[in-house]
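Below is one structure, written out as structure tokens; the observations come after it.
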Amino acid sequence: MKINALRASAFFVIFCLSIPAAGQVRYHDWTTAISDDRSSISASNVNADGSILMETCTVQSRTCFWIMGGSTVCEKGVTSPALVNSDKYAGSINLNCVGDIGDGLYAYAFADWKSLEHLIKDSKYVGIAVAIGDTQFKVFRFSLLGMAEAQRRAEKSFRSMLERDSKAARPQTQPVGETIL
């Protein structure tokens, strides 16, 4: 997974969620947003302190990944352990710092999306505690109400985006026996 794709996707979603836009659909506390050029789609939640938790999918990477962003500073490229606690499950997970994505915001990519999805499955809320040094932790809290619906819509739209991209990338063929003048 490319850091630049993560940074661009994180910045796109944070920017899109700050202004009303066509293509956004709200599911309780979660929102889906499609980029204007239809190259990415995300399902996301912005909490009360302005931090964001999102699954974003990009046509360029042909994959989806989870990102968390906020004002808590992290050093690009550094992997940090985090504790995840939902109303159903608890566990640990590694976060990779994507770095500064602009406007004083920093993004973390979840190293193992399957573990994250297991920990938040069927839950109403989640807390993610990240070590920030000197025995200090930053706890990010997010509502998960509407996440499943938003995630399903985003992933369904992403599959359609990939199909359109694959068709556009196919070379045009000419029927056998037809002559081009």
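The first residue of the sequence shown is numbered 1, and numbering continues consecutively from there. A quick note: this is a predicted structure, and the numbers were derived from the prediction, not measured.
Put simply, the side chain of Thr32 does not reach to within 4.5 Å of the side chain of Arg26, judged on heavy atoms. Within the 4.5 Å cutoff, side-chain heavy atoms of Trp30 are placed close to those of Leu53. Contact annotation: the side chain of Met161 approaches that of Ile41 to within less than 4.5 Å [non-hydrogen atoms, C-beta and beyond]. When side chains are defined from C-beta on, Lys76 does not count as touching Asp100, because their heavy atoms never get closer than 4.5 Å. Side-chain contact check for Gln151 versus Ser42: every heavy-atom pair is 4.5 Å or farther apart.
To the nearest 0.5 Å, atom CG of residue Leu145 and atom NZ of residue Lys124 are 7.5 Å apart. Between the CZ atom in Phe158 and the SG atom in Cys64 there is a gap of 4.5 Å [rounded to 0.5 Å]. With values rounded to the nearest 0.5 angstrom, Cys97 atom SG is found 6.0 Å from Tyr108 atom OH. Here the straight-line distance linking atom NZ of Lys121 with atom CG of Leu144 works out to 13.5 Å at 0.5 Å rounding. Atoms CG and CG, from Leu95 and Leu116 in turn, are 9.0 Å apart once rounded to the nearest 0.5 Å. Taking CZ from Arg141 and CG from Asn47, the interatomic distance works out to 9.5 Å, rounded to the nearest 0.5 Å.
Under the side chain to side chain contact (heavy atoms under 4.5 Å, CB included) criterion, Ser92 pairs with Leu83, sequence neighbours left out. Considering only residues two or more places apart in sequence or on other chains, Asp37 meets the side-chain hydrogen bond (donor to acceptor under 3.5 Å, both in side chains) condition with Ser35, Ser39. Among residues two or more places apart in sequence or in another chain, the salt bridge (charged side-chain N to carboxylate O under 4.0 Å, His left out) test is passed with Asp49 by Lys138. The ring pair (Phe, Tyr, Trp, His ring centres under 6.0 Å) test applied to Tyr89 returns His118, not counting sequence neighbours.
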One pair to check against side chain to side chain contact (heavy atoms under 4.5 Å, CB included): Arg164 and Arg38. What are the steps and the verdict?
CA-CA 10 Å; Arg164 278 192 295 279; Arg38 301 193 59 79; 2.7 Å; yes

Residues Thr72, Phe140; criterion side chain to side chain contact (heavy atoms under 4.5 Å, CB included); working and verdict:
CA-CA 10 Å; Thr72 302; Phe140 297 87; 3.8 Å; yes

Carefully, step by step, assess Phe110 and Ile93 under the rule side chain to side chain contact (heavy atoms under 4.5 Å, CB included).
CA-CA 7 Å; Phe110 289 85; Ile93 198 161; 3.9 Å; yes

Does Glu117 form a side chain to side chain donor-acceptor pair (under 3.5 Å) with Trp66? I'd like the steps, not just the answer.
CA-CA 9 Å; Glu117 287 186 355; Trp66 282 89; 2.9 Å; yes

Derivation of the side chain to side chain contact (heavy atoms under 4.5 Å, CB included) call for Val130 and Phe137
CA-CA 5 Å; Val130 180; Phe137 287 86; 6.0 Å; no

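Looking only at atom types and distance, the side chain of Ser40 has no donor-acceptor partner in the side chain of Thr58 under 3.5 Å away. A side-chain N or O of Asn96 and one of Thr79 form a donor-acceptor pair less than 3.5 Å apart. There is no side-chain donor-acceptor pair under 3.5 Å between Trp113 and Glu55.
Each salt bridge (Lys or Arg N to Asp or Glu O under 4.0 Å) pair with one or both residues in residues 149-158, not counting sequence neighbours, would appear here, but there are none.
For Met54 against Ser44, the heavy-atom pair with the smallest separation is CB-CB, 3.4 Å. Closest approach of Cys74 and Gly99 over heavy atoms only: SG-N, 4.3 Å. Between Ile67 and Ala107, the shortest heavy-atom distance links the atoms CG2-CB, 3.9 Å.
A donor-acceptor contact shorter than 3.5 Å links the side chain of Asn45 to the backbone of Asp29. A donor-acceptor pair under 3.5 Å is absent between the side-chain atoms of Ser123 and the main chain of Tyr125, judged by distance alone. The backbone N or O of Lys88 sits less than 3.5 Å from a side-chain atom of Ser86, completing a donor-acceptor pair.
Through chains of ILVMFWY side-chain contacts below 4.5 Å, Tyr27 is grouped with Val25.
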